[in-house]
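Both counts, for ligands and for their atoms, begin at 1 and track the order of listing. Worth saying up front: this structure is predicted, and the values here are computed from it rather than measured.
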Amino acid sequence: MSESDPTVFERIVAREIPADIVYEDEEIIAFSDIAPKADLHVLVVPKTVYPTVVDLAETDPALLGRLVVVAKRIADERANGEFRLVFNSGASTGQSVFHVHGHVLSGGLDEGSVGHEL
Ligand code: AMP
């Protein structure tokens with residue numbers, strides 16, 4: 001795999017691989033995590049690739065803000081509106097996909113199981 005290969009999340013945006021998409025607009029897609037660690041476990045992902053949340057925050061902080069608002073909307077629609085938003089940032093924290101994504105977690109959380117211990 002080269003750096004120019006699309007990320008798994010770009011392939012979901014392109015409908016090349018299936019996903020349970022729960023939200024989409026021009027800039028953001030959200031879909032169920034394939035290996036859920038809580039009753040609600042959705043990934044919120046900007047369609048533009050930034051490797052980590054730090055890259056996103058430095059380059060487009062407004063888009064990071066919109067990602068948080070989408071997380072809240074999903075938690076309102078699918079849980080009680082309260083949620084954790086986890087961004088693993090770096091391989092040593094458990095980040096495995098270097099296309100920034102927030103884990104939206106609510107209800108029945110398997111503590112410490114998203115990436116490494118929180
Ligand atoms: P992280 O370890 O923070 O990089 O999180 C990557 C997350 O992506 C993991 O929780 C995986 O279960 C999830 N994941 C990987 N591939 C897919 C996929 N095709 N559809 C949905 N979730 C995925």
Exercise. Got an N/O contact under 3.5 Å between Val97 and ligand 1?
Worked result: yes

Seminar exercise, completed: Check: of Ile34, Val86, Val45, min heavy-atom distance to atom 14 (N) of ligand 1 comes from Ile34

Problem set entry | Main-chain N/O of Arg11 paired to Glu16 side chain as donor or acceptor, under 3.5 Å | no

Exercise. Distance-only, no hydrogens or angles: does the His101 side chain make a donor-acceptor pair with backbone N or O of His99 under 3.5 Å?
Worked result: yes

Problem set entry | Backbone of Ala91 reached by a side-chain donor or acceptor of Thr93 within 3.5 Å | no

Exercise. Which of the atoms of ligand 1 are close to Asn88, meaning less than 4.0 Å from one of its heavy atoms?
Worked result: 1 (P), 2 (O), 3 (O)

Exercise. So, the side chain of Lys37 versus the backbone of Gly108: is there a donor-acceptor pair under 3.5 Å, distance only?
Worked result: no

Problem set entry | Full working for side chain to side chain contact (heavy atoms under 4.5 Å, CB included) between Tyr50 and Asp60 | CA-CA 10 Å; Tyr50 299 93; Asp60 193 346; 3.9 Å; yes

Problem set entry | Backbone N/O of Thr52 and side chain of Ser89: donor-acceptor pair under 3.5 Å | no

Seminar exercise, completed: Quick note on ligand 1: atoms under 4.0 Å from a heavy atom of Ala35 include exactly 12 (O)

Exercise. Any idea which atoms of ligand 1 are less than 4.0 Å away from a heavy-atom of Phe9?
Worked result: 8 (O)

Problem set entry | ligand 1 contact on Ala19 by region, counting heavy-atom pairs under 4.0 Å | neither

Exercise. Which of the numbered atoms in ligand 1 are below 4.0 angstrom from a heavy atom of Phe31?
Worked result: 21 (C)

Problem set entry | side chain to side chain donor-acceptor pair (under 3.5 Å) partners for Glu26, two or more places apart | none

For this session: Find all atoms of ligand 1 within a distance of less than 4.0 Å from any non-hydrogen atom belonging to Ser32, and give their numbers and elements.
Result: 21 (C)

Exercise. What atoms of ligand 1 come closer than 4.0 angstrom to any heavy atom of His101?
Worked result: 1 (P), 3 (O), 4 (O), 5 (O), 6 (C)

Exercise. Considering only heavy atoms of Gly94, which atoms of ligand 1 have at least one such atom less than 4.0 Å away?
Worked result: 1 (P), 2 (O)

Problem set entry | Numbered atoms of ligand 1 (with element) below 4.0 Å of His103, judged on heavy atoms | 1 (P), 3 (O), 5 (O), 7 (C), 10 (O)

Exercise. Considering residues at least two apart in sequence or located in another chain, which fulfil the salt bridge (Lys or Arg N to Asp or Glu O under 4.0 Å) criterion with Asp76?
Worked result: Lys72

For this session: Just go through Thr93, Val42, Asp33, Leu43 and tell me whose heavy atom is the nearest to atom 10 (O) of ligand 1.
Result: Asp33

